[in-house]
Engineer: 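Starting off with a structure, shown below.
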Amino acid sequence: MGLLDKDFSKKQLLIMSMLFDLIGFSSYLFPLMDVVWAPVSAWLMTKLHKDNLGKVGGIISFIEEALPIIDFFPSFTLVWFYRFYLRKK
């Protein structure tokens with residue numbers, strides 16, 4: 001069982017989401033980081049959100065990080081917001 005296999009609280013997920021978005025934004029300082037960060041961010045998204053939201057979020061995160069034009073969206077935080085405030089249960 002890995003670190004990301006446990007259930008996190010709403011606050012913990014928000015903090016991790018913001019941290020991962022900051023890592024993604026750092027590609028403006030280190031452009032080649034996108035090559036590594038795009039697949040890692042997709043994998044992290046599927047680990048943080050275990051259902052279909054994680055799968056769709058992972059695809060969106062990969063595309064967002066891989067394309068330099070749209071690299072400024074905070075995808076982790078947006079998925080967190082959707083999960084806790086917009087999603088119908």
Engineer: Mind checking what makes side-chain contact (heavy atoms from CB on, under 4.5 Å) contact with S41, not counting sequence neighbours?
Structural biologist: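 With neighbours one apart ignored, the set is W37, S61, E65, F76.
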
Engineer: Nearest 0.5 angstrom please: K55 NZ to N52 CG, how far?
Structural biologist: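 These two atoms lie 5.0 Å from each other.
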
Engineer: In terms of hydrophobic clusters joined by side-chain contacts under 4.5 Å, are Y85 and Y82 together?
Structural biologist: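 Hydrophobic grouping puts Y85 with Y82.
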
Engineer: Do the side chains of L29 and L22 join up, straight or via other hydrophobic residues, at under 4.5 Å, putting them in one cluster?
Structural biologist: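 L29 does not cluster with L22.
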
Engineer: Looking at CE of M45 and CZ of F62, how far apart are the two atoms once the value is rounded to the nearest 0.5 Å?
Structural biologist: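 If I round to the nearest 0.5 Å, the distance is 13.0 Å.
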
Engineer: Test of understanding: with side chain to side chain donor-acceptor pair (under 3.5 Å), list the residues that count as partners of D51, not counting sequence neighbours.
Structural biologist: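 Expected list: R87.
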
Engineer: Share the residues that join V56 in a hydrophobic cluster, the rule being Ile, Leu, Val, Met, Phe, Trp or Tyr side chains under 4.5 Å apart at the heavy-atom level.
Structural biologist: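 Traced through the cluster, V56 reaches I60.
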
Engineer: Could you work out, with side chain to side chain donor-acceptor pair (under 3.5 Å) as the rule, every residue matching K11, not counting sequence neighbours?
Structural biologist: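 Checked K11 against side chain to side chain donor-acceptor pair (under 3.5 Å); zero matches.
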
Engineer: Where the side chain of S9 meets the backbone of Q12, is there a donor-acceptor pair that is under 3.5 Å apart?
Structural biologist: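 The answer is yes, because a donor-acceptor pair under 3.5 Å joins these two groups.
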
Engineer: Contact between F25 and P74 at the side-chain level, heavy atoms closer than 4.5 Å - yes or no?
Structural biologist: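 They are in side-chain contact.
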
Engineer: For F8, which of L14, L13, I15 qualifies under side chain to side chain contact (heavy atoms under 4.5 Å, CB included)?
Structural biologist: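 For F8, the side chain to side chain contact (heavy atoms under 4.5 Å, CB included) check succeeds only for L13.
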
Engineer: List for me each residue that meets side chain to side chain donor-acceptor pair (under 3.5 Å) alongside T46, sequence neighbours excluded, and say none if there are none.
Structural biologist: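 T46 satisfies side chain to side chain donor-acceptor pair (under 3.5 Å) with no other residue.
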
Engineer: If two hydrophobic side chains count as joined below 4.5 Å and joins carry through other members, does F30 share a cluster with V35?
Structural biologist: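 No, no single cluster joins them.
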
Engineer: Can you list everything that forms a side-chain contact (heavy atoms from CB on, under 4.5 Å) with L32? Sequence neighbours excluded, please.
Structural biologist: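 For L32 there are no side-chain contact (heavy atoms from CB on, under 4.5 Å) partners, ignoring immediate neighbours.
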
Engineer: Considering non-hydrogen atoms only, spot the tightest contact between F73 and E64 and give its length.
Structural biologist: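 Closest pair (atom of F73, atom of E64, distance): O-OE2, 2.9 Å.
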
Engineer: Indicate if M18 and I23 have the same hydrophobic cluster label, given that clusters are the connected sets of ILVMFWY residues with side-chain heavy-atom separations under 4.5 angstrom.
Structural biologist: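 Linked, M18 and I23 end up in one cluster.
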
Engineer: Would you check if the side chain of D21 reaches a backbone N or O of T77 as a donor-acceptor pair within less than 3.5 Å?
Structural biologist: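 Such a contact is found between D21 side chain and T77 backbone.
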
Engineer: Under 4.5 Å between side-chain heavy atoms, hopping through other hydrophobics if needed: is there a path connecting I59 to I70?
Structural biologist: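 Linked within one cluster.
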
Engineer: How long is the straight-line distance from CZ of R83 back to CG of L78, given to the nearest 0.5 Å?
Structural biologist: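 Between L78 CG and R83 CZ, I get 15.0 Å after rounding to 0.5 Å.
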
Engineer: Within the side chain of W80, is there an N or O that forms a donor-acceptor pair under 3.5 Å with the backbone of S75?
Structural biologist: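 Checking the backbone N and O of S75 against the side chain of W80, no donor-acceptor pair under 3.5 Å is found.
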
